[in-house]
Structures are given as structure tokens and as C-alpha cells.
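Quick note on labels: first sequence line is chain A, next is B, and so on, each numbered from 1. The basis for the numbers below is simple: all heavy atoms, side chains too, and nothing from hydrogens, waters or symmetry mates.
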Number of protein chains: 2
Amino acid sequence: MKSASAGPPTLRHVAQASQVSESTVSKIVNRTKRFSPEVERRVQAAVAELGYTPNPHARSVITGRSRTIGVVVADVLNPHFALLIKGVGSVARARGYTVLLTDSDEDSDLEAELLGTLIPRVDGLIVAPRLEAQVVAQFARLKPLALTARPSDLARRQALGEALTFGVDGFQTGQMIGHYLAQGGHRHVSYLHLAQADDDRLRGLEAALGGQGIRCTVHRSAEPSIEGGLRAATAMLLGEDRPDAVVTYNDLMALGVLAEARKFGFEVPRDFSLVGVDDIPYAALTSPPLTTVRTYSREIGVQLAEALLDRIEGVDRLAPTPPTPQLMVRGSSAPRQYEAAPVGRG
Amino acid sequence: MKSASAGPPTLRHVAQASQVSESTVSKIVNRTKRFSPEVERRVQAAVAELGYTPNPHARSVITGRSRTIGVVVADVLNPHFALLIKGVGSVARARGYTVLLTDSDEDSDLEAELLGTLIPRVDGLIVAPRLEAQVVAQFARLKPLALTARPSDLARRQALGEALTFGVDGFQTGQMIGHYLAQGGHRHVSYLHLAQADDDRLRGLEAALGGQGIRCTVHRSAEPSIEGGLRAATAMLLGEDRPDAVVTYNDLMALGVLAEARKFGFEVPRDFSLVGVDDIPYAALTSPPLTTVRTYSREIGVQLAEALLDRIEGVDRLAPTPPTPQLMVRGSSAPRQYEAAPVGRG
DNA sequence: GTGAAAGCGCTAACAC
DNA sequence: GTGTTAGCGCTTTCAC
């Protein structure tokens, strides 16, 4: 029974209750040293009795570590990030860490602000950055950072300095989509790009299409969301020279395009093929179900967290191989048949 | 320029660099006292020069507060919770707090564990609880708690002890759906209930249907997710005596039911009306778009956070009125016309 | 205005 | 095995 003292019980209270020194209690609580059964019993009893919990802040002041990692994503509402968070969380919990999560709302300035407030509180950070590489690199000098980006381009990777980077290859992702569309006889692809994002996907797509002489029109949006897709759809679909394939930076945008296209009276994939990226859970449930590239969001989160915690704890493990993106062909895309005579189906 | 000392700069370093005492620096940094312009300038300069950031842990040890609030949700992947988180985050940031977020994966034991680890680190907690009221009440005695639940039932509300509770009224939500379906001439409603959840919605639904002599069959699932809906669909739709309306605990489950129903060859709303709860962003994008009840997830997050921070800071503000749930009638539901003669439309 | 001194709750050397 | 001592980085009386 705790007497009418202010605040929660401290080490001192446990020490007094069990008639030992504070350091003894500390060592028992932290299992950092063994004591006689008698003493251990008494201390454990007092801990239970008082409901003692160590003050993690006090501990951090001394050790300089907080057993906390920060996560900064652009939008928790995006299932890609939500899955990443879940991956990070499961690893963190298993290894005894707490997660400090923040949502930058797709705003770079806010992202920088959040990084600033998180850094003094955490042992390391996992970031899906919208900030430029140089700025991120500055933060990477203060605390270990693990980034989801995986720039194919060496210069940019070096700009990130000491930060770990890990993620599905963007160039490869774009390339897969390009090859697939080329093979399907498409002649004009519109890509809905995320304004502040890496150009990896775009370059991969263009590389694959360019060789085949297929046109690629690029549209930009600042919002990698359903709304972004909705808003961009008009420009993409209602201009003259309509594309026969639309590729979007991510699935959310694709869902937006799909909804808006339906409103305009288009039918997918009859009027154009639609391809997203991420394979969020909703992608398989639309009608038609969305063709997309699986980016293994959860796995990326797991591997980022493992790598970050390894670095924090000084464990020298081999860097894991990132998953290979996988094209999920579904109903929203179909081959074009421009010169085929109108012979029924197939 | 910081010399080759270990770790980040501390108050002491700033004090030395600016030739004043530590306490002076502390007071200037915290704006807790004013000094001569000359001294203030010197200190500010040193702070900038060294890149000093206060150590929040050290501060917490003394003040007993961390300017951090914890959030525990069952599943970040559920847009309802993601929106709630966003609401909480925006308020927290505006008021100078950091958010410690965790995902209990719909697991009560894990939820309890997470609460235990968060409590010593935060000034208060926002919880969307799956745990029983009594257990939650225990935690509420340690730190201020704000809960999303809003049990209509007084006994349960009292069981929650000192915790703030705030959310859209479950009974009312169920009732609205019941009235709507009754009015549409439905005769047999199946409700897909979340096993460990409050019965408020169910009771509201039954209250509205019972009066009209409409049958209500209850199915239970432990997963308030797309998968939960997929899995429950078979039992709900393939038994004899098929319902002419399906209501689900939330929209995710409804999406699952919709997808599975399509696979079975059902057509919605021709074969049955489908109604969800939450109005997640995807609800309006399915085909047919989902009829649902808007629960104002983001607003709830905002108001919970405001209320919690008010309590933490001892501000005595009036408790806000929770939003009224709103029925969003869309294409997935339609009136039944059992005895009407086959006279075209309308 | 400014500073000295004490101490928050805890860990880490080092005695014994 | 157990205790003593010092001190992490900071805030907070209370003097001057």
C-alpha cells in the first residue's frame, strides 16, 4: 500500500520498503546483477506491492538512450504507410522499443519540424522522406536514420550520407510497368507523377517505353492521394489525344482516377488501361480490380526497423536484400488491339 | 563550432560559451525570466552556434511531465483510426505535444501491454479500447485517459471511472440504420457484429427493427477488417433464408462482404442492401458506392485530444458535444418492393 | 538581473 | 553479494 506521497513510487521507496540500497534495487530490476534469493524476493515483493515502474526518462538521462524510435511518414491514411508502420511496430515491440509516430501531412516543412522535435527523444528514426536528400542528410548526422527511399541514382544515394536506405527499387518498378504496357500494344502512356518524389519510377517507365517508341506524357500532382487522382483525372483524360494507358505514382491516385473516369463515362480497361503502385488492400477490391505493382510495404517496415535497431545497438549484420517488386495483373488493364479486324473476342 | 566532446551540447556548454550560469541559460531558453539584452544576445548566439537542443528526458525527470501523449488504436490500417490519429496529431502539434502511437493489432492482451509501457512515458492517453471497461479503468487511475467509446449504457460508463469518453453515439448509429432499412421495406436484416465490441450499435439496430416486426440475425466476427467481412460473408449469404439487408460493424467489413458477394454472383443492391459504418474514404468509391453512417473519425480525434490536453493542463473547459452520426445513403442499398406489381420504375 | 546550491529518479564505478 | 558515491542534464528555490 502506497502512502499519501506525491507521484508514483520511485526506486527509493522500493529500497526503503525492502530494506536494501537503491543500487541493489536498480540492479535487480534491470537484471544486471544477481543477489541472494532472500533479497531478490523482498525486492520483487516491494516492487509488486508498490506497483513500481522505472521512470524511463530518468533512465534515458543517464544512459543517453531512450529505447524509442521515431517514425515519420507523409500520411498514415495511405495504407502503404500504415502497413509500413505495422511492420516497424512489430519489430520494435519484439526488441523492446517504443515507437514515436508522426504524420507530416505531405508537407516538407512540417516534416523537418517533426524530425527536429523527434531527434532528441529517440535513438533512431525511420523516415519516408519528402524532404530533399541534403536536408535529410543533415538530420542523419545527429541520429541514425533509415529511409524508405531507394534511389537508383548513385549521386543521390551519396547525398544521403550516413543514412541507411532501403526499399523496393523505383526504377525497376517503373520498368516493369513499361514493359508490361509495351507488350500489351499500348501506344500512349500518361504517367501521373508525384511532384516532390524521386524520379526513379518515371525514369524506369520512360526507359522501358522509349525503346519501343511509345509516347509517355507526364502529369504532376502534389497529392499522392485519392483526391490527387480525382483532380488530375480531368487533365489526363479529357484533353485531346487521350492516352490508352494511365499509370499513377501510387494506388490511391489510381483509385481517384478510376472513380473520376467512371463519372466521365469511361470504361476501364476498355477505354484505357490503369496501373497503380503498392498493391494496397483496396486495390484488389475495386471493379475492375486494379493492376498494380506490389511494393511489400509491411516487409519494408520490418527490414528498415531491423536494420535501424541493428545499427543503434551496434550489431553488424548483413544488409538484407530488398524485396523485388511484383506486377499484379488484374482487370484494370488489357492489351490493345489497334489493327486487328473486328473479330469478336479472342 | 563544437569541439570533440562526446554527445550533443548541454546547458553547461552553452553556459560556458556565453559566460553565464547554467540557471541563466535555462531561464532564457525557457523564456521563464528576462535578462539584460546583452546577456540574452550572448546566450542566444551560443545556443545557435553550438546547435543546442534541450534534453527532453532530463526536463521530464524534474517536471514530471513529458509533453507527450500516447495513442493506442486497434489497427492503423483502418482508415477510421488513421483519421482519428490525424486529428489527434494536429491538435497535439498545435499545442506543443508529441504523439506516441501504438497499434494493438486488435489484440486485448497486447493493448494492455502497450498501455503499461506507454503510461510512464506520457502525460495522458487516447485509447480506442478493445479491453474491458474494468481493465481500462485501472489504467485510468494512473494517467488521464480519453476513450473513443461512448457507451449509452450508464453502468458501463461508470465502470470507466475517471476516464473521459467521447465518440459518436453507438445506439443512435444503430437506430438510424434500423429506421432506414425498415422504411425501405426490408424484412430480414443480418448484422455482422464485432465480437469484442460494445453492443450499442446492435441494440440500437434491434430497437429500431423490433418495433416493426423485422427479423434481425446476428453474426459475429473477431476481425473488424476486410478479411473479417470476406470470411463472414459465406455464413451470412449462403444459408437458407437469406437476408434482404446486411449491416456490418464497420465499412471495412462491408467492403469484404461486397467483394465476396460479387464472387458468389450476387448483385448489390438487387439481392440485398448493404450498409456499413464510418464512411471511410473508400466507401464512396466502390461500385455500387457504399451506404454508411459517417462517424466523423477525424473530428473525434480532434475533440479527444483537446479534452485530454485540457485535463492534463488543468484547463476547465466545457465538454464538447460529440458529432451526430449521419446516414450517407448511396448505391449499395435500395428499397424492397415485395408486393408491388411489376410496374416499371417509380 | 544573476548565480549558487539542491535535487529530480536513476545508473555506474568502485569499494568492501 | 551489497552499499557508497558521484553525477547524467536539467529546473527551481532562494540568496544577493
Side-chain angles (χ1 to χ4, degrees), chain A residues 2 5-44 46-47 50-68 96 117 119-123 142-143, chain B residues 2 5-44 46-47 50-68 119-123 142-143:
Chain A
K2 192 153 97 27
S5 68
T10 71
L11 257 198
R12 166 122 77 259
H13 299 131
V14 178
Q16 282 166 349
S18 51
Q19 307 276 33
V20 295
S21 74
E22 291 185 35
S23 60
T24 299
V25 177
S26 170
K27 286 160 193 158
I28 291 178
V29 168
N30 294 311
R31 291 169 171 64
T32 178
K33 225 146 202 169
R34 307 250 28 176
F35 289 82
S36 69
E38 162 60 11
V39 168
E40 300 220 337
R41 207 197 47 67
R42 275 202 338 253
V43 170
Q44 301 292 12
V47 165
L50 299 175
Y52 169 74
T53 335
N55 180 329
H57 302 297
R59 192 176 272 176
S60 294
V61 173
I62 301 171
T63 61
R65 310 241 288 89
S66 59
R67 293 198 81 78
T68 299
T117 65
I119 278 188
R121 302 165 187 263
V122 301
D123 296 340
L142 300 172
K143 283 281 164 71
Chain B
K2 191 154 96 31
S5 69
T10 71
L11 256 198
R12 164 122 77 262
H13 299 130
V14 178
Q16 282 166 351
S18 50
Q19 307 275 33
V20 294
S21 74
E22 292 184 35
S23 56
T24 298
V25 178
S26 169
K27 286 159 193 157
I28 291 179
V29 168
N30 294 311
R31 291 168 169 67
T32 177
K33 224 144 203 171
R34 306 248 28 172
F35 290 81
S36 68
E38 162 60 9
V39 167
E40 300 219 339
R41 206 198 46 67
R42 281 210 323 264
V43 170
Q44 301 292 11
V47 165
L50 298 175
Y52 169 74
T53 334
N55 180 329
H57 302 298
R59 193 174 271 178
S60 295
V61 173
I62 301 170
T63 61
R65 311 240 289 90
S66 58
R67 293 197 81 78
T68 299
I119 278 188
R121 302 167 186 260
V122 301
D123 296 339
L142 301 172
K143 283 281 165 71

**Student:** Looking at Thr24(B), I'd like to know whether one of its side-chain N or O atoms comes within less than 4.0 Å of OP1 or OP2 on dG3(C).
**Tutor:** yes

**Student:** Give the rounded distance in Å between these two atoms: CZ of Arg121(A) and P of dC10(D).
**Tutor:** 13 Å

**Student:** Just how far, in rounded Å, is P of dG7(D) from NE2 of His57(B)?
**Tutor:** 23 Å

**Student:** Polar atoms only, N or O, under 3.5 Å: list the protein pairs with nucleotides 9-12 of chain C and their distances.
**Tutor:**
{"unit_1": "dC10(C)", "atom_1": "OP1", "unit_2": "Tyr52(A)", "atom_2": "OH", "d": "2.7"}
{"unit_1": "dC10(C)", "atom_1": "OP1", "unit_2": "Asn55(A)", "atom_2": "N", "d": "3.0"}
{"unit_1": "dC10(C)", "atom_1": "OP2", "unit_2": "Leu11(A)", "atom_2": "N", "d": "2.4"}
{"unit_1": "dT11(C)", "atom_1": "OP1", "unit_2": "Asn30(A)", "atom_2": "ND2", "d": "3.1"}
{"unit_1": "dT11(C)", "atom_1": "OP1", "unit_2": "Arg59(A)", "atom_2": "NE", "d": "2.7"}
{"unit_1": "dT11(C)", "atom_1": "OP1", "unit_2": "Arg59(A)", "atom_2": "NH2", "d": "3.3"}
{"unit_1": "dT11(C)", "atom_1": "OP2", "unit_2": "Ser26(A)", "atom_2": "OG", "d": "2.8"}
{"unit_1": "dT11(C)", "atom_1": "OP2", "unit_2": "Asn30(A)", "atom_2": "ND2", "d": "3.4"}

**Student:** If only side-chain N and O atoms count, and only distance matters, is there a donor-acceptor pair under 3.5 Å linking Arg59(B) with Asn30(B)?
**Tutor:** yes

**Student:** Is any side-chain heavy atom of Phe35(A) closer than 4.5 Å to a side-chain heavy atom of Lys27(A)?
**Tutor:** yes

**Student:** Taking atom types as modelled, find out whether Ser23(A) and Ser26(A) have a side-chain donor-acceptor pair closer than 3.5 angstrom.
**Tutor:** no

**Student:** Less than 4.5 Å apart, any side-chain heavy atom of Val43(B) and any of Val20(B)?
**Tutor:** yes

**Student:** Could you give the CD-to-C1' distance, from Glu40(B) to dG1(C), as a whole number of Å?
**Tutor:** 10 Å

**Student:** Can you check whether Arg67(B)'s main-chain N or O pairs, donor with acceptor, with Asp123(B)'s side chain at less than 3.5 Å?
**Tutor:** yes

**Student:** Taking all non-hydrogen atoms of both residues, which atom of Ser66(B) and which atom of His57(A) are closest, and how far apart?
**Tutor:** CB-NE2, 3.7 Å

